[in-house]
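Report on one structure; see the data block that follows.
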Amino acid sequence: MAELERLEARLTDLAAAIEWPQTPDLRPSVRSGIITSRRRRRRQLRLLLIAAALALALIGGAAAAAYIELRGATIQTVPTLPSPAPTRSGPIGTRLELGERYPSVAAAEQAAGFKVLVPTSLGQPDEVYFRRSADVLTLVYHPRADLPATSDPEVGALVMEAKASVDERSFGKVVGPGGRVEPVTVNGGRGFWISGAPHGFFFYAGGGTADQFRLAGDVLIWNQGGLVVRIESALDEPKALALAGTMR
Amino acid sequence: MVGRPLDEIEDTLVERARRGDADAYEDLVRRYTEMAFRAAYVVTGSAPDAEEAAQDAFVKAFRALHRFRAGAPFRPWLLRIVGNEARNRRRAAGRRTALELRLAEGLSAGGAAPSPEAAAEAAEERRALLRALVTVGDDHRQVVSCRYLLQLSVEETAAALGIPEGTVKSRLARALAHLRELMEPVRHG
């Protein structure tokens with residue numbers, strides 16, 4: 001027993017003599033970890049709420065719903081639209097959650113890994129974004145004489161493009177009461193003109209979940225080449241079709 | 001299971017942190033960083049892994065504070081999270097880094113200044129004990145390190161190593177017996 005006690009005493013003595021690696025100050029990294037974790041949780045909660053609202057709307061309208069699928073996008077009619085997510089403040093890219101801004105179409109194409117079409121009648125866009133989580137590249141045109149402002153006073157037209165995949169969708173549309181979905185042919189490709197009451201728009205995030213559900217104005221959406229393209233503007237159908245006709 | 005005497009300051013800090021007071025939680029982090037980091041180091045054997053494990057454990061503990069039972073001892077609860085993070089890192093790293101422990105230079109025994117001979121003998125004894133400690137297996141070294149080098153209670157050691165308290169006691173008894181065997185030649189040599 002005395003042997004054991006002696007060994008324990010020697011271990012206790014050893015404890016005071018150990019040179020441990022220097023203890024880091026963890027307070028800054030813990031603080032930032034907590035902030036990041038809170039943001040992630042808020043985002044997850046927001047995604048869950050959007051997904052739940054959409055699911056309810058889609059289930060509620062299952063009997064009467066029309067479900068249209070383009071390559072890379074879905075359009076669904078429902079009896080009631082879910083509430084949109086609160087609009088963010090900040091510049092266009094932040095408000096509409098378009099992703100990272102790039103200095104040129106070419107730079108955004110390089111990040112996206114695919115070539116996009118540009119409406120030659122409008123020329124080069126004023127702003128270019130690429131949203132990696134949904135693989136959507138967006139050309140932003142500010143309002144001008146031939147391009148009236150949309151519900152967002154800083155936006156004349158949003159041209160969104162993504163690779164048109166059957167397996168992976170980039171964005172979805174939910175059309176409620178007062179909205180119309182008419183089939184159209186755009187540059188030889190299948191498309192739809194969505195007009196009337198504002199409809200719901202959302203990006204498909206990872207794992208097929210919905211993100212950034214907002215209300216959108218009139219939209220022309222179609223498949224062209226290997227892309228799904230949507231133009232959101234305040235133009236009427238003939239003008240929107242004419243604009244789409246200049247996509248090169 | 002008997003916890004440490006309840007520390008009123010700790011209880012107050014935990015309660016404030018539970019209500020979302022970031023300053024109170026920062027005080028807790030400062031108070032327990034050394035214990036958490038060293039416990040993680042005992043498990044991982046790597047200082048960078050231990051730092052990451054302790055950091056992530058503090059973040060996870062903050063998120064889990066609402067599940068912490070008011071009045072319960074905080075240290076074992078935190079050490080359980082630290083131990084889990086440290087073991088996850090050790091598994092993910094896919095390596096078994098041997099714990100490296102060194103003696104501080106120029107350390108003298110406590111109390112009155114010893115004679116040079118006594119100081120040299122004490123230093124040699126420490127070196128021998130440390131050599132013996134790194135020779136025993138991981139399980140034994142971890143339990144001895146937590147219990148004696150970090151001065152954790154049996155409950156805290158069990159929490160940090162993710163084993164029952166009974167296992168801590170039995171493993172500790174075997175580890176001490178092993179150390180005594182290893183030290184025999186030193187004492188009689």
Side-chain angles (χ1 to χ4, degrees), chain A residues 1-53 85-86 88-90 94 97 132-133 205-212, chain B residues 20 22 25-30 32-38 41-42 46-48 50-52 54-63 100-105 107-110 122-123 125-130 132-133 144-145 147-151 172-173 175-177 179-180 183-184 187:
Chain A
M1 195 62 192
E3 284 290 314
L4 180 63
E5 284 171 5
R6 185 161 182 274
L7 178 59
E8 288 186 305
R10 290 172 65 189
L11 283 166
T12 305
D13 169 67
L14 183 65
I18 293 289
E19 187 176 67
W20 295 92
Q22 191 175 1
T23 300
D25 181 1
L26 295 178
R27 285 172 298 174
S29 53
V30 169
R31 195 184 311 125
S32 104
I34 287 171
I35 291 167
T36 308
S37 148
R38 277 175 168 164
R39 281 192 189 136
R40 196 181 302 129
R41 282 159 70 85
R42 272 202 295 269
R43 180 174 164 76
Q44 282 169 347
L45 181 64
R46 197 161 64 89
L47 283 173
L48 279 174
L49 289 173
I50 291 168
R88 289 190 172 188
S89 57
T94 307
E97 299 188 38
R132 196 167 294 281
S133 68
T209 54
D211 190 11
Q212 209 258 331
Chain B
Y25 192 67
E26 198 159 297
D27 272 0
L28 285 169
V29 172
R30 183 182 48 74
Y32 293 125
T33 291
E34 184 173 282
M35 176 193 76
F37 171 70
R38 290 182 179 178
Y41 181 67
V42 163
S46 148
E51 180 172 346
E52 276 186 20
Q55 176 195 310
D56 288 356
F58 277 118
V59 174
K60 287 189 176 171
F62 183 80
R63 281 169 40 190
E100 205 176 290
L101 293 172
R102 284 197 303 231
L103 289 175
E105 294 294 329
L107 187 97
S108 63
E125 272 211 1
R126 288 193 198 102
R127 279 195 289 274
L129 186 53
L130 197 58
L133 190 56
V144 169
S145 298
R147 191 75 181 89
Y148 292 101
L149 303 188
L150 297 180
Q151 306 275 297
L172 201 55
L176 292 177
L179 280 176
R180 278 168 61 193
M183 294 296 290
E184 283 291 320
R187 286 190 294 114

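All heavy atoms count here, side chains included; hydrogens, waters and symmetry mates do not. Residue numbers start from 1 in every chain, and the chains themselves are labelled A, B, ... in the order their sequence lines are given, proteins ahead of strands.
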Worksheet item: Are A/L14 and B/E125 close enough, and set up right, to give a side-chain contact (heavy atoms from CB on, under 4.5 Å), and what steps lead you there?
Response: CA-CA 9 Å; A/L14 183 65; B/E125 272 211 1; over 6 Å; no
Worksheet item: For A/E8, is it the side chain, the backbone, both or neither that has a heavy atom under 4.5 Å from a heavy atom of chain B?
Response: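 Both backbone and side chain of A/E8 come within 4.5 Å of chain B.
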[atom1] of [X] to [atom2] of [Y]: how many Å apart, nearest 0.5 Å?
X	Y	atom1	atom2	value
B/R180	A/E3	CZ	CD	5.5 Å
B/E51	A/Q22	CD	CD	10.0 Å
B/R30	A/R27	CZ	CZ	6.5 Å
A/L7	B/L176	CG	CG	5.5 Å
B/L129	A/D13	CG	CG	8.5 Å
A/L11	B/L133	CG	CG	7.0 Å

Worksheet item: Residues in side-chain contact (heavy atoms from CB on, under 4.5 Å) with A/P21, at least two apart?
Response: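 A/P21 satisfies side-chain contact (heavy atoms from CB on, under 4.5 Å) with B/F37, B/Y41, B/A47 only.
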Fill in: Charged N-O contact under 4.0 Å between A/E19 and B/R126
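Salt bridge flag = no for B/R126 with A/E19.
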Practice prompt. Kindly determine whether A/V30 and B/F62 satisfy side-chain contact (heavy atoms from CB on, under 4.5 Å), including the steps that lead there.
Written response: CA-CA 9 Å; A/V30 169; B/F62 183 80; over 6 Å; no
Worksheet entry | Contact origin within B/A54 toward chain A - heavy atom pairs under 4.5 Å |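 Both backbone and side chain of B/A54 come within 4.5 Å of chain A.
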Practice prompt. Check the pair B/V42, A/W20 against side-chain contact (heavy atoms from CB on, under 4.5 Å), reporting the backbone distance first and the verdict last.
Written response: CA-CA 10 Å; B/V42 163; A/W20 295 92; 4.0 Å; yes
